[in-house]
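For the numbers below, each heavy atom of this structure counts, side chains included, while hydrogens, waters and symmetry mates do not. Remember, predicted model here, so these are calculated numbers, not experimental data. Numbers for residues simply follow the sequence, beginning at 1.
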Amino acid sequence: MELTHFNEQGRARMVDISDKEITVREATAQTTVRMYRETLERIKAGTIGKGDVLAVAQVAGVMAAKKTSDWIPMCHPLALTGINIAFSDNGLDELYIEGTVRTKGKTGVEMEALTAVSAAALTVYDMCKALQKDMVIGPTQLMAKTGGKSGDYQRLDNPQS
């Protein structure tokens, strides 16, 4: 597979997508935040002093997806048509964050989905760090993507199952 993010001088460039076909594109990413059971219980009970952790993390994920091209230099600014951030947990010590992003355009939304879950996880950390500084974020990974020239992708292994 040829990498297209390099110009004729071997330097980084933003890929020209002018001739690409407009299609519906969707990507889903996941990450995990590992923490003490007590921290997870307080998040779920809504007793963290800074407020509703999951509500704030959800908004952070949506905002981050919309601003991905501001963070990642070679990403195209995209008109996103849908963003969903969902939370689940293992009932013990892991909070799972899943983000799905959609657009109808010329390039995919994998980076937007990965950025969304990363920002949501960092927000969880920020809001809970007074309770626990040794939380661990990750792995962060693309789970699926549809649309575009390279076709569909579905991750076969899911460490969160």
Side-chain angles (χ1 to χ4, degrees), residues 22-161:
I22 293 174
T23 62
V24 174
R25 295 154 185 271
E26 180 176 286
T28 298
Q30 289 181 346
T31 196
T32 301
V33 184
R34 280 182 291 292
M35 62 190 70
Y36 300 141
R37 174 181 236 147
E38 297 79 20
T39 304
L40 181 59
E41 288 172 358
R42 288 195 55 191
I43 289 171
K44 290 166 56 174
T47 60
I48 301 293
K50 289 186 175 183
D52 184 337
V53 173
L54 300 182
V56 175
Q58 185 171 23
V59 171
V62 169
M63 291 175 65
K66 294 191 307 184
K67 293 291 192 174
T68 298
S69 66
D70 291 345
W71 288 22
I72 310 297
M74 301 305 165
C75 280
H76 294 83
L78 300 177
L80 303 180
T81 59
I83 305 167
N84 186 45
I85 309 293
F87 302 94
S88 60
D89 63 81
N90 67 355
L92 298 171
D93 60 355
E94 292 183 338
L95 176 68
Y96 306 127
I97 304 169
E98 181 174 280
T100 300
V101 179
R102 288 179 56 99
T103 193
K104 187 172 183 181
K106 295 183 175 197
T107 190
V109 287
E110 296 95 302
M111 293 307 300
E112 287 74 10
L114 289 161
T115 300
V117 298
S118 297
L122 289 168
T123 300
V124 169
Y125 185 94
D126 178 54
M127 294 187 72
C128 299
K129 68 183 183 271
L131 288 175
Q132 182 183 350
K133 292 186 179 15
D134 61 351
M135 288 176 279
V136 176
I137 296 172
T140 302
Q141 57 212 343
L142 181 68
M143 300 307 293
K145 77 106 178 154
T146 60
K149 184 177 162 185
S150 66
D152 295 350
Y153 166 80
Q154 180 72 46
R155 187 176 195 88
L156 298 178
D157 65 320
N158 183 356
Q160 298 173 0
S161 58

Trainee: Checking Lys50 against Asp126 for the side-chain contact (heavy atoms from CB on, under 4.5 Å) test, could you report, in this order, the C-alpha distance in whole Å, the side-chain angles of both residues, the deciding distance, and whether it holds?
Mentor: CA-CA 9 Å; Lys50 289 186 175 183; Asp126 178 54; 3.9 Å; yes

Trainee: Would you compute the distance between atom OH of Tyr36 and atom CE of Met135 and round it to the nearest 0.5 angstrom?
Mentor: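 One finds 9.5 Å between OH of Tyr36 and CE of Met135.
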
Trainee: Quick one: does Gln58's side chain have a donor or acceptor within less than 3.5 Å of a partner on Ile85's backbone?
Mentor: yes

Trainee: Rounded to the nearest 0.5 Å, how far apart are CG of Leu80 and CD of Glu112?
Mentor: 6.0 Å

Trainee: Nearest 0.5 Å, what's the CZ-CE distance between Arg155 and Met143?
Mentor: 6.0 Å

Trainee: Any side-chain to backbone donor/acceptor pair from Arg42 onto Thr47? Under 3.5 Å, distance only.
Mentor: yes

Trainee: Which heavy atom in Ala27 sits nearest to a heavy atom in Leu142, and how many Å separate them?
Mentor: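 The answer is CB-CD1, 4.1 Å.
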
Trainee: Taking side chain to side chain donor-acceptor pair (under 3.5 Å) as the test, write out the residues that go with Ser69, two or more places apart.
Mentor: none

Trainee: Could you check Ile97, Thr140, Thr31 and say which one makes a side-chain contact (heavy atoms from CB on, under 4.5 Å) with Ser118?
Mentor: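 With Ser118 as partner, Ile97, Thr140, Thr31 yield a single side-chain contact (heavy atoms from CB on, under 4.5 Å), made by Thr140.
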
Trainee: Over all heavy atoms of both residues, which pair between Arg25 and Val109 is shortest? Give the atoms and the distance, please.
Mentor: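 That closest heavy-atom pairing would be O-CG2, 4.0 Å.
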
Trainee: Is Ile43 close to Ile48 at the side-chain level, that is, under 4.5 Å between some pair of heavy atoms?
Mentor: yes

Trainee: Which heavy-atom pair separates Val117 from Ala29 by the least distance, and what is that distance?
Mentor: CG1-O, 3.5 Å

Trainee: Test your reading of the model: is there a side-chain donor-acceptor pair from Arg102 to the backbone of Val24, 3.5 Å cut-off?
Mentor: no

Trainee: Measure the NZ-CG distance between Lys145 and Asp152 for me, rounded to the nearest 0.5 Å.
Mentor: 6.5 Å

Trainee: State, to 0.1 Å, how close Val53 and Cys128 come at their nearest heavy-atom pair, and which atoms those are.
Mentor: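 So the minimum-distance heavy-atom pair works out to CG2-SG, 4.0 Å.
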
Trainee: Holding to side chain to side chain donor-acceptor pair (under 3.5 Å), I want the full list of residues that pass it with Lys104, two or more places apart in sequence or in another chain.
Mentor: none

Trainee: Taking Lys133 for the side chain and Lys129 for the main chain, is one N or O donor matched with an acceptor at less than 3.5 Å?
Mentor: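 Yes; judged by distance alone, with no hydrogens or angles, the pair exists.
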
Trainee: In the structure I gave you, are the side-chain heavy atoms of Glu26 and Thr100 within less than 4.5 Å of one another anywhere?
Mentor: yes

Trainee: Any chance you could measure Leu78, atom CG, to Thr103, atom OG1, to the nearest 0.5 Å?
Mentor: 5.5 Å

Trainee: Could you give the distance from CD (Gln154) to OG1 (Thr28), rounded to the nearest 0.5 Å?
Mentor: 8.0 Å

Trainee: Does NZ in Lys106 sit with more than 12 non-hydrogen atoms of other residues, nucleotides or ligands closer than 6.0 Å?
Mentor: yes

Trainee: Does any N or O in the side chain of Gln132 come within less than 3.5 Å of the main-chain N or O of Thr39, such that one atom is a donor and the other an acceptor?
Mentor: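 No, the answer is negative, given that no donor and acceptor are paired below the 3.5 Å cut-off.
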
Trainee: With a 4.5 Å heavy-atom cut-off, do Val124 and Met35 have their side chains touching?
Mentor: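 Yes, their side chains come closer than 4.5 Å.
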
Trainee: Quick one: does any side-chain atom of Thr115 pair with a main-chain N or O of Ala65 as donor and acceptor, under 3.5 Å?
Mentor: no

Trainee: For Asn90 and Leu95, indicate whether the former's side chain and the latter's backbone hold a donor-acceptor pair under 3.5 Å.
Mentor: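 No; judged by distance alone, with no hydrogens or angles, the pair does not exist.
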
Trainee: Is there a donor-acceptor pair closer than 3.5 Å between any side-chain N or O of Thr68 and the backbone N or O of Ala64?
Mentor: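 Yes, the answer is positive, given that a donor and an acceptor are paired below the 3.5 Å cut-off.
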
Trainee: For the backbone of Asp134 and the side chain of Arg34, can you confirm whether one donor and one acceptor N or O come within less than 3.5 Å of each other?
Mentor: no

